[in-house]
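Reviewing the structure listed below.
Position 1 is the first residue of the sequence, and the numbers go up from there. Note that the structure is a prediction, hence the values are computed from the model and not measured. As the structure lists them, so they are numbered: ligands from 1, and atoms in each ligand from 1.
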Amino acid sequence: MSAQNPVFIPGPTNMPESIRKACDIPTMDHRSAAFPPLFERAKSGVRKVIGMTEGEVILFPASGTGGWEAAITNTLSPGDKVLAAKHGMFSLKWVDLCQRHGLDVQVVARPWGEGAPVETFAEILAADSAHEIKAVLVTHNETATGVTSDVAAVRAALDAAGHPALLMVDGVSSIASIDFRMTEWGVDLAVTGSQKGFMLPVGLAIVGVSPKALAAMEGARLSRCFFDFRDMIKLGTPYTPAVGLMNGLGFACDMLLEEGLENVFARHHRIAEGVRRAVAAWGLTPCAATPQLYSDTVTAIVLPEGVDGNALVRHAAKSYDVAFGAGLGEVAGKVFRIGHLGMMTDVMALAGIATAEMAMADMGVPVALGSGVAAAQDYYRNNKPAQVRAAA
Ligand code: PLP
C-alpha cells in the first residue's frame with residue numbers, strides 16, 4: 001500500500017499528521033504529576049464529543065470489541081435477558097459476544113441492510129411487563145452495510161413502555177463523525193474505539209457510562225477483571241495506561257471541537273452525499289434498504305451479479321494502492337464499501353470515487369469513467385460547507 005494514498009476503509013481511518021505527532025510523546029511516568037492533566041483532557045474531550053453531561057468516561061487499552069465486553073460484564077449477570085437485533089456483521093458479533101458470556105439474548109433477525117427494528121423492540125418491551133429484559137443493544141452505525149439506526153427512537157420505545165432496561169449503544173463507527181447525544185438520548189453505555197471518528201491509531205476502547213449504568217455495576221455478577229469499571233473509577237489507571245494514545249485523544253477531541261461538532265457532522269453528511277450521488281450515477285445502489293438509513297460514515301455498494309466485491313477490493317489495492325472495505329458475512333462478495341469518515345475532505349472523496357471507477361471498469365462493471373466523479377463534483381460545488389459560504 002502506498003503511504004501517499006488515503007484509505008477508504010471504514011476504520012482504521014486516515015490520521016492527520018498533527019494527531020500522529022500528538023501520540024508520539026516521550027515516555028511519561030503515568031504516576032507522575034504530568035499524567036493527570038493529560039488524562040483529564042482526554043476524558044473531558046470525549047464527554048463533549050459524545051454529548052455526555054453526567055456519568056463517567058472510561059478508557060481501556062483495547063479496541064471497540066473490548067468496549068462491548070466491558071459494557072455488558074460491568075452491568076449484567078449470568079442468564080440476564082438482553083434484547084438485540086441482527087442486521088449486519090457487527091450487530092451479529094455483539095450478540096455472539098453476549099451469548100458467549102452466558103446472557104440470554106432475545107435476537108430480532110432482520111435482513112442485512114435494514115436498521116434496528118424499533119417497532120418490534122417497542123412491542124417486545126411493552127409486552128415485557130415483568131421487566132425481564134435487562135438491556136437493549138443497538139448498533140448505531142452498522143459498518144458492514146452502511147446503515148445508521150435511530151437511537152433516540154429506541155429510547156422513546158423504552159420510555160413509552162416505562163421499561164427500565166439499560167440502553168447500550170455501539171457507536172464505534174458513528175461517534176465523532178455523526179450526531180451522537182449520550183445524555184439526551186438516555187444512552188447508558190456508549191462504546192467506541194480510537195481508530196475511527198477520533199482519527200487515532202487503534203488501541204483505546206472508549207466507554208461512556210451513565211449514572212444508571214454505574215448503579216447497575218454494583219449488582220452485576222458477570223466476571224470481569226481487566227475491564228472492571230470499579231478499578232478504573234477508583235484508581236483511574238489500575239494498569240499501565242496507553243499514555244501516547246490518550247494524549248492523541250485529547251488532541252483529537254480539541255481538533256473536533258475547534259471545527260465544531262455541527263460542522264464535523266455536516267462535513268460527513270456532505271461527503272457521504274457526494275459518494276451516494278456517484279453511486280447513483282454508476283447505476284448502482286447502496287446496501288442500506290432506505291435513504292433514511294444511509295450512513296454518513298460508510299457506503300456499502302451492491303455490485304451487479306457476477307462481480308465479486310472482494311476481488312474488486314483486492315484489485316484496487318494491487319493496481320492502485322488504494323484500500324476499500326470488503327464485504328463481510330452475508331454480503332461478502334456482493335458489496336464493496338467506501339469508508340468516508342474521520343479525516344476526509346471533498347478532494348479525498350473525489351480521489352476515492354475516481355479510483356473505485358477505475359477498479360470497477362477493470363473488473364467489467366459497466367460504469368462510465370468520470371460519471372461518479374462528475375456527479376460528486378456537481379454536488380460538492382453546489383453544496384459548499386456553511387463556513388465556506390459565509391467567508392465568500
Ligand atoms: N462495532 C462496529 C460498528 C464496528 O465497525 C467495529 C469494527 O469495525 C467493531 C464494533 C469492533 O471494533 P474493533 O475492531 O475496534 O474491536
Check ligand 1 against Val172 and write out every atom of the ligand that is under 4.0 Å from a heavy-atom position of the residue. 1 (N), 2 (C), 4 (C), 6 (C), 9 (C), 10 (C)
How close does the nearest protein non-hydrogen atom get to atom 4 (C) of ligand 1, and which residue and atom is it? Phe90 CD2, 3.4 Å
Proximity flag Gly64 to ligand 1, non-hydrogen atoms under 4.0 Å: yes
Only heavy atoms of Thr143, strictly under 4.0 Å: list the atoms of ligand 1 that pass. 2 (C), 3 (C), 4 (C), 5 (O)
Compute the minimum heavy-atom distance from Lys196 to ligand 1 and say whether it is under 4.0 Å. yes
So if I count the atoms of ligand 1 from 1 in the order they appear, which ones are less than 4.0 Å from some heavy atom of Thr65? 11 (C), 12 (O), 13 (P), 16 (O)
Run the salt-bridge test on Asp24 and Arg20 with the 4.0 Å N-O cut-off and return the result as yes or no. no
Mark up the atoms of ligand 1 that fall under 4.0 Å of a heavy atom belonging to Asn141, in ascending order. 3 (C)
If you compare all heavy atoms of Ile233 against all heavy atoms of Leu214, which two are closest, and at what distance to 0.1 Å? CD1-CD2, 3.5 Å
Would Gln195 count as being in polar contact with ligand 1, using the rule that some N or O on each side must be under 3.5 angstrom apart? yes
Report the relative orientation of the aromatic rings in Trp185 and Phe180; use parallel for angles under 30°, tilted for 30 to 60°, perpendicular for over 60°. perpendicular
List every atom of ligand 1 that sits less than 4.0 Å from any heavy atom of Ser63, numbering the atoms from 1 in the order shown and giving each element. 13 (P), 15 (O), 16 (O)
Mind telling me whether Phe226 and Tyr239 have parallel, tilted or perpendicular rings, with 30° and 60° as the class edges? parallel
How far is atom 1 (N) of ligand 1 from the closest protein heavy atom, and which atom is that? Asp170 OD2, 2.6 Å
With a 4.0 Å cut-off on heavy atoms, does Trp68 reach ligand 1? yes
What heavy-atom pair brings Ala190 and Ile175 nearest, and what distance separates the two atoms? CB-CD1, 4.3 Å
Would you call the rings of Phe324 and Phe8 parallel, tilted or perpendicular if under 30° counts as parallel and over 60° as perpendicular? parallel
Would you kindly say whether Arg31 and Thr237 are connected by a side-chain donor-acceptor distance under 3.5 Å? no
Would you sort out whether Arg277 and Asp378 count as a salt bridge (charged side-chain N to carboxylate O under 4.0 Å, His left out), showing the intermediate values? CA-CA 9 Å; Arg277 301 283 169 120; Asp378 190 48; over 6 Å; no
